[in-house]
Amino acid sequence: MLQVVQQLDAQLQAAMAAAFPTVVASGQPLDPQLVPASRPEFGDLQANAALALARPLGQKPRAIAEAIVAQLLQDQAFTALCLPPEIAGPGFINLTLRPERLAAEVQARLGDPRLGVPETAAPATVIVDFSSPNIAKEMHVGHLRSTIIGDCLARVLEFRGNRVLRLNHVGDWGTQFGMLITHLKQVAPEALTTADSVDLGDLVAFYREAKQRFDSDGAFQATAREEVVRLQGGDADSLRAWGLLCDQSRREFQQIYDRLDIRLNERGESFYNPLLPAVVADLRSAGLLVEDDGAQVVFLEGVSGKDGRPMPLIVQKSDGGFNYATTDLAAIRHRLDADGAGRVIYVTDAGQASHFAAVFQVARRAGWIGDDHRIDHVPFGLVQGDDGKKLKTRSGDTVRLKDLLDEAVERATADLQRRLTDEGRHEDEAFITQVATTVGLAAVKYADLSTNRITNYQFSFDRMLALTGNTAPYLLYAVVRIAGIARRGGDLAATAGPALSFSEPQEWALIRELLRFDTVVVEVEHELLPNRLCSYLFELSQSFNRFYDQVPVLKADDPARSSRLALCRLTADTLRLGLSLLGIPTLERM
Ligand code: ARG
């Protein structure tokens, strides 16, 4: 309906201009204030402009609305699009699209693989920085959230026709390697020279030990620091050890990405190492760099610390080393400059909000971020257990992602087997594996995407795997239901046939829902909120189920039968496309 709304907006503007030439002459903009109708019985859309014009015109809003409507009724393009408008309350103009226009929109979408979603008029290079786990550490649920949300945003941006670079900013550089290599040299030197001589679980444990020693043992700390210097200076042995450690983690990460069907290009922190000195030089020549306690810092505007002094962003430590922020400064500079990105999106937990605000501020003041760049930190809340506390295993350990995904699939398998028994169905092993894997992983992704990402989110297998409610199984089941109609003789592929004809309120409700898809996708692209798409797909499934429960489809006669089949097909297509933008594949049977 994006196009229809645009047409209506233009028609309303023209009507307002014709009714109130003085406003146009005064140079005031004429905004029809067109919004979706607040209730279905008010029609499809409403224009609220009359209320805003009351004061400048010195007239009653209702009279203004009447004058606008009088003009609209003279516009043939408008009367072909809408029924005669109604004026409600103090002066809202309620607009109802003509049923034949809605049917024509449905017809147009039946042959359109994009289902009405236009390609963006201004495609850009967009960088989505997501997932970004740390080498030699376990990838945790926070990284899982980043992975799922980032992938969805990348898919939506790609579908809109942007060139999307999916960057995995892995933590593969810095002091942690100094500690780890120093420790391994003493306790497991083979790990530094031979691939896979320890597994990642052990590596994580070694890292924990190394960190403990680093924090408590001064001599160890000094050696570890020397080790970092060696690594950053390009020492061959250090680099080889570092390479082995990275490879090992990388392969573990890749297993998770493969299972979840996530594509990512690794461009870790180490990539920016050679670019760090230029960052410092640039900030110095921009006059932003100040020496503070031996460190090179930029004092942040509008952010003050406990002592009331502006907070510094440390760019180079007093020992000459660089940090997380320096790397992000180098990254943003490189992305805008060398990659030519018009938009950069960072998907991390909300805890990093002040880090990114600081980095963006400095990049802006340095002149790297221009007026036409759009830079967003896309924050998300914590993942909590059923009990509302941080997600942990029963023994109190952090949950490993592999175990979490395994459990989702196991539970989906058990649910499925129970249902098959209840329904007296027999299915083979391959079917069960495929359905349970799809449902289990879909449930994990959907549960994450369907909550407003900014709030914390309670992880519950029971809730995410339920067949009712706003869940992946509920949506997948709607697709399966429609596929079942085809198996029972409904020709869903027919494109030609008698002209569409609709009569039932359930049909119109479903049509109106179907036609919102394009608006919702564009909204997600702008607002970066996947839960909007989830809510939409849920409401669409509900409308479909109401329609299908209450209106006969296969038993109806033409043209009602083929028109209703067309709605079934468009619903399935919309659910499939919508779910694919969430990174969720669908099933024909379940
Ligand atoms: N590695 C970081 C972490 O685990 C996330 C990196 C996010 N991206 C960035 N450009 N800073 O918290």
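Whatever order the structure lists ligands and atoms in, that order sets their numbers, starting from 1. Predicted model, so just to flag it, every value in this text is computed and none were measured. All residue numbers in this chain count up from 1 along the given sequence.
- Val35 pairs by the side chain to side chain contact (heavy atoms under 4.5 Å, CB included) definition with Gln46, Asn48, not counting sequence neighbours.
- Inter-residue side-chain proximity for Phe322 and Tyr272 is flagged as unmet; no heavy-atom pair is nearer than 4.5 Å.
- Contact residues of ligand 1 (protein heavy atom closer than 4.0 angstrom to a ligand atom; sorted by chain and number): Asp129, Ser132, Asn134, His143, His169, Tyr324, Asp328, Tyr346, Thr348, Gln352, Phe356.
- Residue pairs meeting the ring pair (Phe, Tyr, Trp, His ring centres under 6.0 Å) criterion with at least one partner in residues 367-392, sequence neighbours excluded, are Phe356-His377.
- Put simply, the side chain of Leu441 reaches to within 4.5 Å of the side chain of Thr437, judged on heavy atoms.
- In this structure, Arg259 places its CZ atom where more than 12 heavy-atom neighbours from other residues, nucleotides or ligands lie under 6.0 Å away.
- Here Tyr207 pairs with nothing under the ring pair (Phe, Tyr, Trp, His ring centres under 6.0 Å) rule; sequence neighbours left out.
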